[in-house]
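The chains referred to below are lettered A, B, ... by the order of the sequence lines, with proteins before strands, and numbering in each begins at 1. The figures that follow rest on heavy atoms only: side chains count, while hydrogens, waters and symmetry mates do not.
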Amino acid sequence: MPAIKAAPLLLGQHLVRLTEDGEIRCRIVEAESYGGAEDKGSHAYGGRRTNRTDVMFHTGGTAYVYLIYGMHHCFNIVTAEKNDPHAVLIRAVEPLTPRDAQLMAAYRGTAIRKPSDLSGGPGKLCRALRIDRSLNGLRLDQPGGPLRLESGDDPRSLPIVQAARINIPYAEEYAGLPWRFYIRDNPYVSAHDSKAEPFIWTENRP
DNA sequence: ACGACGATCTGCT
DNA sequence: GCAGATCGTCGTA
């Protein structure tokens, strides 16, 4: 399905990471859509298919992980059919239990003063969950896999805020589009938008 | 083969 | 609020 439709549906869903230290469970609280070859903000703009963007052309449910600024990883979920490059960038997650939070904090290796320090931001959550490019191209629907997506809260019950995407000034007319979704007032979200109106997701939104 | 730059984060002012 | 880190990727030659 198109990333713009998949992004709000991913809110509340669980992300499960299996490492040698055990399993970490969290739920997605912020997601940003990168939709199709026409999106000037997307790595696959114009249908650009390179070694890096190749997995964006895979079928929905595949992980797209890349390195940014030479030091941070970003994790995306591919959402459409083969050869149609839609993906949703996961921008923030919330640990389900104190034990999950504790393991994530250990992986972060920096002082956690507020919830968003732990996993509020695409690079932070990747560090907190030990996600790197070794997971690029991974299927997220494999039981027992190192990283997987499982059903969690029904997004229809969540107050969802739709706001502009972050940090894509080069995207021209696509830069300001409200293609970022997050759970209202959630402390793990990377950036709140005071002007945006929250809504309850229905079949016809967005 | 080279150079510019990025879907970010951190620490310091 | 802002500079610096740090390297894979991609366009250009």
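In terms of phosphate contacts, A/R108 brings a side-chain nitrogen or oxygen within less than 4.0 Å of OP1 or OP2 of B/dT10. A sub-4.0 Å separation between OP1 or OP2 of B/dA7 and a side-chain N or O of A/N167 is absent. Proximity of A/R48 to the phosphate of C/dT9: no side-chain N or O atom is located under 4.0 Å from OP1 or OP2.
Look at A/Y69 and the base of C/dA5; the rings do not stack under the cut-offs of 5.5 Å between centres and 30° between planes.
Between the CZ atom of A/R127 and the P atom of B/dT10 there is a distance of 8 Å, given to the nearest Å.
Residue contacts for A/R165: at a heavy-atom cut-off of 4.0 Å it reaches no nucleic acid atom on any strand shown. Heavy atoms of A/G121 sit under 4.0 angstrom from primed sugar atoms or phosphate atoms, though from no base atom. Residue A/R180 is out of contact with every strand shown, counting any heavy-atom pair closer than 4.0 Å.
You'll find that the side chain of A/H72 is closest to B/dC9, out of B/dT10, B/dC9, C/dT9. Proximity note for A/T50 (side chain, C-beta onward) versus C/dT9, B/dA7, C/dG8: the nearest is C/dT9.
Between A/H43 and A/Y66, the gap from one ring centroid to the other is short of 6.0 Å.
Checking C/dG1 for Watson-Crick or G-U wobble geometry (two distances, each under 3.5 Å) identifies B/dC12 as its partner.
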